[in-house]
Amino acid sequence: MRIDVLTLFPEMFESPLSASILKRAQEAGIVDIHLTDIRSFSKDKHNKVDDRPYGGGPGMVMMCRPIFDSFEHVEKLALEKPHTILLTPQGQPFNQKKAIELSKEKRLILISGRYEGFDERIRIGLGAEQISIGDYVLSGGELAAMVVIDAAVRLLAGALGDEDSSKDDSFSEGLLEYPHYTRPEVFRDMKVPDVLLSGHHAEIEKYRRDQALKRTKQNRPDLLRDNPPEDQ
Ligand code: SAM
């Protein structure tokens with residue numbers, strides 16, 4: 001997969017992209033991530049990329065020209081047609097289903113906003129999918145882009161050490177994941193449930209399924225309402 005990110009702050013991506021799974025996935029050639037500074041496409045002598053809003057009001061708005069120019073430049077850098085995403089709190093909520101969908105794309109272009117957001121003609125003209133990572137407002141789209149990249153890349157074949165480890169993850173089957181334990185068997189009087197030490201695979205599977213359901217009922221009953229499990 002190739003991912004291009006258009007941003008005013010490419011340096012914000014350095015640390016998350018150079019550690020752990022994202023680092024290994026790039027080194028293994030599973031994903032190729034490119035950062036493009038929108039400001040380098042400004043035609044203005046002061047490198048301006050934002051301007052005051054028509055109609056007045058607070059803040060500045062990201063101008064069309066540098067974003068269209070940077071997008072059209074980056075689009076030509078690879079043959080595959082990109083799936084383009086505009087990060088905005090006004091987009092569809094990001095979730096695991098969307099991460100799975102995006103992980104099947106050959107190529108993504110993510111556009112991070114700043115200031116009061118994008119000139120509306122960027123949304124209209126690029127026809128990008130709009131994605132929000134939650135009902136709150138961030139200072140910029142960079143953290144949102146990193147969330148989308150991380151969630152999608154860890155699903156690519158070979159990105160995780162163990163291929164199976166994303167299968168039971170929360171949301172994959174519409175449920176939160178069951179609780180995990182590791183050594184020691186007893187820690188501050190809290191004991192690992194006997195069933196996990198029993199070696200009975202069927203019983204362990206049943207325990208985990210029951211725990212996943214219980215936890216989902218407690219913490220996220222909306223998941224069960226929206227997507228009732230087949231065995232319930
Ligand atoms: N004035 C805009 C509004 O109320 O919709 C918010 C602009 S926000 C300060 C600046 C940029 O941060 C946005 O253009 C977007 O790229 C990014 N952003 C902020 N919150 C986000 C969220 N929840 N999900 C995705 N991107 C977000």
Side-chain angles (χ1 to χ4, degrees), residues 1-17 22 31 33-44 46-75 82-105 107-155 170-171 220 222-223 226:
M1 174 189 269
R2 176 182 170 118
I3 303 178
D4 285 278
V5 186
L6 308 185
T7 167
L8 289 173
F9 295 99
E11 65 275 18
M12 283 183 69
F13 291 80
E14 276 163 25
S15 173
L17 295 185
L22 288 177
V31 66
I33 303 177
H34 299 263
L35 305 168
T36 297
D37 188 347
I38 297 167
R39 199 175 293 283
S40 66
F41 288 82
S42 169
K43 297 267 192 297
D44 179 271
H46 302 296
N47 287 335
K48 237 169 96 93
V49 289
D50 57 312
D51 211 335
R52 290 189 305 264
Y54 280 120
M60 302 293 269
V61 176
M62 288 189 80
M63 298 159 82
C64 289
R65 175 65 66 197
I67 293 199
F68 274 82
D69 285 354
S70 56
F71 175 80
E72 282 156 12
H73 169 83
V74 159
E75 199 184 16
H83 181 85
T84 305
I85 294 165
L86 206 58
L87 281 321
T88 161
Q90 302 180 19
Q92 289 298 309
F94 187 58
N95 55 26
Q96 189 67 7
K97 186 164 168 261
K98 179 54 69 179
I100 293 169
E101 252 174 70
L102 296 181
S103 71
K104 294 180 180 150
E105 296 284 347
R107 189 171 176 212
L108 301 175
I109 298 183
L110 283 80
I111 309 175
S112 308
R114 279 270 151 184
Y115 316 117
E116 283 303 321
F118 305 102
D119 184 308
E120 182 65 2
R121 291 162 295 185
I122 294 167
R123 188 187 66 75
I124 298 168
L126 294 183
E129 177 174 23
Q130 299 169 73
I131 290 185
S132 163
I133 64 155
D135 290 349
Y136 39 79
V137 176
L138 302 163
S139 318
E142 288 74 18
L143 292 172
M146 286 180 234
V147 166
V148 171
I149 292 171
D150 187 284
V153 169
R154 68 193 294 284
L155 296 172
S170 296
F171 312 111
R220 292 293 304 276
D222 56 304
L223 295 177
D226 297 347

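Both ligands and their constituent atoms are indexed starting at 1 by order of listing. Heavy atoms only: backbone and side chains are in, while hydrogens, waters and symmetry mates are out.
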Any side-chain heavy atom of [X] sitting closer than 4.5 Å to one from [Y]?
X      : Y      : value
Val61  : Tyr115 : no
Glu129 : Leu102 : yes
Leu223 : Phe171 : yes

In Leu17, Leu108, Val153, the residue satisfying side-chain contact (heavy atoms from CB on, under 4.5 Å) with Val31 is Val153
What is the closest protein heavy atom to [atom], and at what distance does it sit?
atom                    : value
atom 24 (N) of ligand 1 : Ile133 N, 3.1 Å
atom 23 (N) of ligand 1 : Tyr136 O, 2.9 Å
atom 15 (C) of ligand 1 : Leu87 O, 3.1 Å
atom 27 (C) of ligand 1 : Pro89 CD, 3.6 Å
atom 20 (N) of ligand 1 : Leu138 N, 2.9 Å
atom 1 (N) of ligand 1  : Glu116 O, 2.9 Å

Suppose I only count heavy atoms of [X] and a 4.0 Å limit; which atoms of ligand 1 are within that range?
X      : answer
Ala144 : 25 (C), 26 (N)
Gly134 : 23 (N)
Gly141 : 12 (O), 16 (O), 17 (C)
Val137 : 6 (C), 8 (S), 9 (C), 20 (N)
Tyr115 : 7 (C), 8 (S), 9 (C), 10 (C)
Ser132 : 23 (N), 24 (N), 25 (C)

For atom [atom1] of [X], decide whether the heavy atoms of other residues, nucleotides or ligands shown that lie under 6.0 angstrom number more than 12.
X      : atom1 : answer
Asp135 : CG    : no
Gln92  : CD    : no
Lys104 : NZ    : no

So, is Gly117 polar-close to ligand 1, with some N/O to N/O distance under 3.5 Å? no
Ligand 1 and Gly113, any nitrogen or oxygen pair closer than 3.5 angstrom? yes
Charged N to carboxylate O below 4.0 Å: is that the case for Arg121 and Asp119? yes
Against ligand 1, does Ile131 come closer than 4.0 Å with any heavy atom? yes
Should one rank Arg114, Gln90, Glu142 by closest heavy-atom distance to atom 5 (O) of ligand 1, which comes out on top? Gln90
When you check the side-chain N and O atoms of Glu142 and Thr7, is any donor under 3.5 Å from an acceptor? yes
Spell out, as yes or no, whether a donor-acceptor pair under 3.5 Å connects the side chain of Thr84 to the backbone of Ile109. no
